[in-house]
Every structure is written in structure tokens, then in C-alpha cells.
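Right, one structure below, let's go through it.
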Amino acid sequence: MFEMNGIKWQVVEVEQEKLWNEQRESFKDDGNHILGKCMPFEKKILISQELCYEQKRKTLIHELTHCYIASYITFNEKEYTEDDFCDINANSFDIIQKIVDKIYPMTVEIVTTNIILDGKKIAETIKGQGNVK
């Protein structure tokens, strides 16, 4: 669950078949995958559960951009210039990044090694993962 312009939205991971069912009217079935779908009237974003973690993050960024445009700019079909797109990206970046990091936090591999000082071990190898904040 997240908020965009004071309105609650939800992100749901779904199977490809559900994404296709939501898209049938707008896309022909050409064998391609649909990675995600922004549904502004339902206040929902669908993300394909088959994607790897990093692709889910990228797809959510893409869908949140649609969400931002629908929430702050317009529901109407509009053609955007390159400068319009750059302004939208710059204005929405922090908002979108916070939401993505909350839903799909970035993880890093943490590795330390043995450190010897004056012949005494003062640290040992530790491996693990942590979230980037």
C-alpha cells in the first residue's frame, strides 16, 4: 500500500494470465509478456510475479510514472515533449523512489574479511545481506 497525492493505492503481484486479461482490449496477443499495469480508476498497480526482483523494481518505477501522471497531471491522453518528460521525471523521482524502496527494498551483499593487527585477529569474515536505506 502506498499513497500518491493523498490517495491510497496498492501494488499486487499477479500471474501473466491476469495481466493479459486486464490488457486484452488495448493490446493484441503477440506472444510478448506484459510486465505491469497501472489501473488509475481502481487505484491499483499490477506487477508480473514471474519477473526477477530487479525487473520488478524497474517495472514498478515505470508503472508509478503512469500513476504519478494520472494523479498529478491528467487522465487525458496527451503527447509529451522531451522537456515535458524530463520535467515529469525530475518532479516525480523522489516520490517514486521512496515508494519503490518501500515495496522492493534494494539489498546488498555484505562481506568482511579477517583483519590482523599486531598479530592479533581483530575481525573475521562475515557474510550476509542488508537493505540499502
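Atoms considered below: every heavy atom in the structure, side chains included; atoms not considered: hydrogens, waters and symmetry mates.
- Side-chain contact between Met1 and Val11 is absent, with no heavy-atom pair separated by less than 4.5 Å.
- Judged by distance alone, the side chain of Tyr72 and the main-chain N or O of Asn5 form a donor-acceptor pair under 3.5 Å.
- Taking Gln49 as the reference, Glu13, Glu15 meet the side-chain contact (heavy atoms from CB on, under 4.5 Å) condition, with sequence neighbours excluded.
- Side-chain contact between Lys37 and Ile45: absent, with no pair of heavy atoms (C-beta onward) separated by less than 4.5 Å.
- In this view, Ile7 and Trp9, Lys43 satisfy the side-chain contact (heavy atoms from CB on, under 4.5 Å) rule, not counting sequence neighbours.
- Annotation: the span from Glu54 atom CD to Thr59 atom OG1 amounts to 10.5 Å, rounded to 0.5 Å.
- Taking CD of Glu50 as the start and CG of Leu35 as the end, the distance is 10.5 Å to the nearest 0.5 Å.
- Here the NZ-CG distance, from Lys58 to Leu51, works out to 11.5 Å after rounding to the nearest 0.5 Å.
- Expressed to the nearest 0.5 Å, how far NE2 of His62 lies from CD1 of Ile96 amounts to 10.5 Å.
- Using a distance-only test at 3.5 Å, with no hydrogens or angles considered, no donor-acceptor pair links the side chain of Thr74 to the main chain of Ala70.
- Partners of Asp84 according to the side-chain contact (heavy atoms from CB on, under 4.5 Å) rule, which considers only residues two or more places apart in sequence or in another chain, are Lys78, Tyr80, Thr81.
- In this structure, Lys98 NZ and Leu64 CG are separated by 14.0 Å, a value rounded to the nearest 0.5 Å.
- Note that SG of Cys67 is 6.5 Å distant from CD1 of Ile99, once rounded to the nearest 0.5 Å.
- Between Ile47 and Val12 the shortest side-chain heavy-atom distance does not fall below 4.5 Å.
- Annotation: side chain of Trp20 is not in contact with side chain of Lys18 (no heavy-atom distance under 4.5 Å).
- Under a hydrophobic-cluster definition in which Ile, Leu, Val, Met, Phe, Trp and Tyr are linked whenever side-chain heavy atoms come within less than 4.5 Å, directly or via other members, Met39 and Phe2 are assigned to different clusters.
- Between the side chain of Asn89 and the main chain of Phe85, no donor-acceptor pair closer than 3.5 Å is present.
- Side-chain atoms of Val100 and Met106, non-hydrogen and from C-beta on, never get closer than 4.5 Å to each other.
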